[in-house]
Structure formats: C-alpha cells, structure tokens
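Letters A, B, ... mirror the listed sequences (proteins, then strands); counts begin at 1.
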Amino acid sequence: MLSAKWVRDNLDAVKEGLKKRGMQINLDRFLSLDSQRRQLIQEFDELRHQQNVYSKKIGKLRQEKGNPQEIIEEMKKVSAKIAEFEEKKREYDEETRNFLLNLPNRCHPDVPEGDANAEVRRWGEPPQFDFCPRDHEEIGESLGILDFKRAAKMTGRGFVLYKGLGARLERALINFMLDLHISRGYEEILPPFMTNYAATQGTGQLPKFRDDLYRCEKEDYYLVPTAEVPVTNLYREEILDEEDLPLSYVAYTPCFRREAGAYGKKIQGIIRQHQFNKVELVKFTTPETSYGELEKLTLEAEEVLKRLELPYRVVKLCGQELGFAAAFGYDIEVWLPSQERFLEISTCSNFEDYQARRASIKFRAKANKSTHYLHTLNGSGLAIGRTVVAILENFQNRDGRILIPEVLHSYMQGEKWIEKP
RNA sequence: GGAGGGGUGUCCGAAUUGGCAAGGAGCCGGUCUUGAAAACCGGUGAAAGGCAGUAAUGCCCGUCUGGGUUCGAGUCCCAGCCCCUCCGCCA
C-alpha cells in the first residue's frame, strides 16, 4: 500500500494513477480524515506525556515515603481521558488503513494513456497451415491427453485432468522452465501452497480480492493464487542488506483461483481454470535498479518461448489492465492459431515499494545504514497450462499428431510426437 | 490431539514485593604494534514506526501479537502465534 504521508504529499501522482486506471476514489474524504487523525494524535501524545511524567513522580514520592494519593486521584482523570482518546484513535486508524489497503498503487509515467495496451516487440512468425487448425480442447480430447468431463466428475467445472503424454508434457515443461531459470541465476523455492492472512495481505490479494481466493475456513489459510504470494513473503518483516540485492527466485506452484463469473469462447478449455500450474519469477531489488531488473526479468520469461519456438509479442500494460498492486508492467502474449490472436501467457510487473510497504520488507543501505523499503517484481516464467495450449495449437499436424518442441525431448525420455495411442 | 518449558537489541542475557529495560559480546574510533591478534581507553547500540518542526530537536509508541487490570505493566490476568521437550496419531 501507499503510506498516508505519501498520499498526502503526492496527491497529484495519486490522482493521475487513478485516472489512468479509470478508478474513482474520493480523496477529499481521506484528506479530512487524515488531518483530523493527526490533530487527535497530537492531543493524545500530549496526554500520554503528562501521564508518563506524573507516574515517575508517584514512584519517586513513594520511595521517599511521601503520600502520592493526591496526584493519583488527579491521574485517574487523565487516564480516563486517554482511554477515551484511544477509542477514537482506533477508529481513525482503522478507517485510514482500510482506505489505504483499497487504494491501488500509483502508475509509472510510462504506463500508456487510454484503455489499450501498447505493443513493444514481436518475435517469431505465426505458423501457416494448409488445413484449418483445431483448438487445443479438440486436439487434447481427441488425443486422449486432456479430460474435462472426468475432472468435472471428481471435482467440478473449471478443472482438467491430464493423461499420459499430456501429463508428461506438463511435467516436462515445469522442469524445463525451472532448469532454464536456475541456469541463469535464479534460486529455486518450493514454498507452501497455502498462506496465512498476513502473507496474503502482504502481496495485495487481501482484503480487496477475497472472493478470488479459496480459503480454508478453520485455519484461515488461503490456497495460493500464484507463487508470488509465498515467495514475496519470504522476507516479510525483515531487513535485508543492500549488498545482497538483487535477489532472484524461481518457484513452481499450482495456482488456485475462484474466477467467479468468467465464461466464453476466449477462455475455453484449459485457458482459464480454477487450478493451473505456473513457474514464477520473483525479484527483490533496490529502488534504483528495479526497472532495469524488470527488463531482465521480462527477457527471461521471453527466453522460454524462444526456446520452445513459439511466436509471441510483448505489450506495455495500460492503466486499466495493470494489476492493482503494480506500478508498471508488461504482458507477454503467445500466438493462438485457433483464435488468430495473441493470448496472455505472462505478466511481468514492478510493484515498486507497494508490496514491500504492505509486507514490511526493507533493506539497510550500504552507505549510511539507513533503512528503506525495497522494490518487489515478479513475472510468470511461464503459465504451464497456457504453454501446453500454445504447443498443441502451434505444433499441430494435418494428421492430428503434435510435434514436441526439441528442447523438451530430453525431458520426455526422447518422445518426439504426441499421437493417439 | 494432550502435558510441560520458553520468546527482552545484531547475538547472549539480567531486571526483587509492578515504579527511568542491567551487564557482556559485537560494531565504530583510538593507544600499543613492522602488521595483525590480544590487552587497554573512548564511543555506539531497545528495531521499525508515528506526530510537530525548515532544521537542530522534542514528544508518543516500542520487551512475540492482541486485549484487560492499574495513576503506572517486561513483570499481574485473558486470548492467540511461534520455538523446544515428552505422549498420542500418522505418509
């Protein structure tokens, strides 16, 4: 979140960000609340000061065998007043906190105006077919590697079951991506797949996006919607050394999302599921280096598509598409032959200090040992299910077989084709 | 799931019947030394926050977390979290 002080001092930037995001939030209400709150704090602190001074006097008097009864009577009144103020202060603090938790991050000046993303670059050529390309759902079912009906039977709508070479392809992709990122300097994390309330609030999913999460009621634990949540919370409430930054992590987790109210052709098959696999990249950096690191992280995610020989493009996210907690971000979109469009397969974001402030993650500066919030970044590298979609569609043959990308052969015990058994 | 023990700074660790949160290690500087270590001297250290102020600074908060009792809580009471030991269950 942003701090009350920052919002107060940077009203124009906050307004600009809200405008780009197309959001309406009443800042005047916040401002009057904030000034009332500060007035209250001053009076409250003054009373506390009085209490501290006189309490010491009472202690001293008692040691000298004097009678402090008169002061005690007087201080009872002060104490009662403090209790009153405390109640009010709690209300103000709560209201301020609620406001700030529901305020999105600011927008970086480079975030495009309007409601359209801006294309930055393209790689590869969409494949030309001398037949009508089928969509992944049809391909998957006809090859017997995807089973939606039986997944619905054991769980419900929005789940899928991978079989045989389909399951092996999914698993191969997870390992291929992890190995690639590890070889390029990322450290692997295998985190818990559930997080507690504080952690889930730290990255911005709570309280605003409560309805998008699966919750274990008894423990108040949340199934992770992305590895970003546990991995960013690695250092919650910690102070790191500047020399140790940037830190780069890669983590595989399944992701669980309720996705309430999403239907339609665009998200058919395994494009949007309640459970999907993802390999995620997370970085902790200093404020000075975060945008440079975002470029590197994005290229890292692109590298996966290059090696899989899948055509894609990169777009700069406009304010309305930008995540709630992000200040700036790119989408990587892979070519989808059946729909003749690009499909989002990775979002790479710089959260600046928004998550760090929520989760209280700081670093100690080398120069003067002062502490500052660090910057957090993340990006999918990549969403596994959608990568399967892209492979099935882009590498399909007239005869219904699927050519497995060469880099995956060693991960699939030499299999080169997915075909009907 | 049950029983017991514990949580104070970067680390170790005190604080009596409730009354200014010891001491040590470390860190920084110095003396000594060819250089270092050791020793000695001095300094520093209770996070992070918050409020006021141009600032120096002042004040509030702050002993795992949240409540409560009290003029006053590290200390007393209640609830919770985490760690350790033992018992039960268990892939």
Applying the 3.5 Å cut-off to both distances, the Watson-Crick or G-U partner of rG1(B) turns out to be rC87(B)
Counting only side-chain nitrogens and oxygens, does Gln51(A) get under 4.0 Å of the OP1 or OP2 atom of rG72(B)? yes
Is Arg48(A) close enough to rC61(B) that one of its side-chain N or O atoms is under 4.0 Å from OP1 or OP2 there? yes
From CG of Asp93(A) across to P of rC60(B) the rounded distance in Å is 18 Å
Angle class for the Phe284(A)/Tyr249(A) ring planes (parallel below 30°, perpendicular above 60°, tilted otherwise)? perpendicular
Angle between ring planes, Tyr214(A) versus His274(A), binned at 30° and 60°: parallel, tilted or perpendicular? perpendicular
Sticking with atom C1', work out how far rU31(B) lies from rU63(B), rounded to a whole angstrom. 38 Å
With a 3.5 angstrom cut-off on both distances, give the Watson-Crick or G-U wobble partner of rA25(B), or none if there isn't one. rU10(B)
Among the candidates rC59(B), rG68(B), rC20(B), find the nucleotide nearest to the side-chain atoms of Arg90(A). rG68(B)
Judged by each residue's nearest nucleotide on RNA chain B, which is more toward the 5′ side, Val53(A) or Arg62(A)? Arg62(A)
Classify the ring geometry of Phe176(A) against Tyr411(A): parallel below 30°, tilted from 30° to 60°, perpendicular beyond 60°. perpendicular
Length of the CD-C1' vector between Glu219(A) and rG1(B), whole Å: 14 Å
Between rA73(B) and rA21(B) - C1' atom distance, rounded Å: 12 Å
Pick the P atom in rC86(B) and in rU70(B), then give their distance to the nearest Å. 43 Å
Below the 4.0 Å mark, does rG72(B) have OP1 or OP2 next to a side-chain nitrogen or oxygen of Asn52(A)? no
Are OP1 or OP2 of rC51(B) and a side-chain N or O of Arg8(A) less than 4.0 angstrom apart? yes
Under a 3.5 Å cut-off for both distances, is rC71(B) Watson-Crick or wobble paired, and to whom? rG19(B)
Would you kindly give the CZ-to-C1' distance between Arg38(A) and rC59(B), to the nearest whole Å? 17 Å
Protein-nucleotide distance (Tyr373(A), atom OH; rA48(B), atom C1'), rounded to Å: 8 Å
Mate of rA39(B) across any strand shown (Watson-Crick or G-U wobble, both atom pairs under 3.5 Å) is rU31(B)
Going through the distances and angles, do Asp45(A) and Arg48(A) end up as a salt bridge (charged side-chain N to carboxylate O under 4.0 Å, His left out)? CA-CA 5 Å; Asp45(A) 284 358; Arg48(A) 279 284 215 201; over 6 Å; no
For a quick check of understanding: with a heavy-atom distance under 4.0 Å over all strands, which category does Lys362(A) fall into, base, sugar-phosphate or nothing? sugar-phosphate
Let's test this: given Watson-Crick or G-U wobble pairing with both distances under 3.5 Å, identify the partner of rG53(B). none
Interatomic distance at P, rU34(B) relative to rA15(B), whole Å: 47 Å
As a test of reading the structure: which of rG50(B), rC71(B), rA52(B) is closest to the side chain of Arg37(A), going by heavy atoms? rG50(B)
Candidate nucleotides rA47(B), rC59(B), rC71(B), ranked by approach to the side chain of Asp45(A) - the nearest: rC59(B)
Taking only the side-chain nitrogens and oxygens of Lys76(A), find out if one of them lies under 4.0 Å from OP1 or OP2 of rC71(B). yes
Should His49(A) be listed as having a side-chain N or O under 4.0 Å from OP1 or OP2 of rC59(B)? no
Can you tell me how far P in rG67(B) sits from the matching atom in rU17(B), rounded to whole Å? 29 Å
His108(A): which of Tyr354(A), Tyr330(A), Phe351(A), Tyr291(A) passes ring pair (Phe, Tyr, Trp, His ring centres under 6.0 Å): Tyr291(A)
In whole Å, I'd like the distance from the CG atom of Asn196(A) to the C1' atom of rC82(B). 12 Å
Given that Ser3(A) and Glu46(A) both sit by RNA chain B, which one's nearest nucleotide is further toward the 5' end? Ser3(A)
Measure from CG on Asp353(A) to P on rG49(B) and round the result to the nearest Å. 12 Å
When the C1' atoms of rU65(B) and rG13(B) are compared, how many Å lie between them, rounded to an integer? 23 Å
Just checking, Lys88(A) and Phe85(A): is the charged tip under 6.0 Å from the six-membered ring centre and within 45° of the axis? yes
Below 4.0 angstrom from OP1 or OP2 of rA48(B), is there any side-chain N or O of Ser360(A)? no
Determine yes or no for a side-chain-to-main-chain donor-acceptor pair under 3.5 angstrom, with Lys20(A) supplying the side chain and Val111(A) the backbone. yes
In whole Å, what separates the P atom of rA36(B) from that of rG45(B)? 27 Å
Ile41(A) near the nucleic acid: base, sugar-phosphate alone, or nothing, with a heavy-atom cut-off under 4.0 Å? sugar-phosphate
If the C1' atom of rC71(B) is compared with that of rC82(B), how far apart are they to the nearest Å? 34 Å
Checking side-chain polar atoms at under 3.5 Å, does Gln355(A) have a donor or acceptor matched by the opposite partner on Thr376(A)? yes
Would you mind reading off the distance between Glu74(A) atom CD and rG72(B) atom P, rounded to a whole angstrom? 14 Å
Protein-nucleotide distance (Phe44(A), atom CZ; rC51(B), atom P), rounded to Å: 14 Å
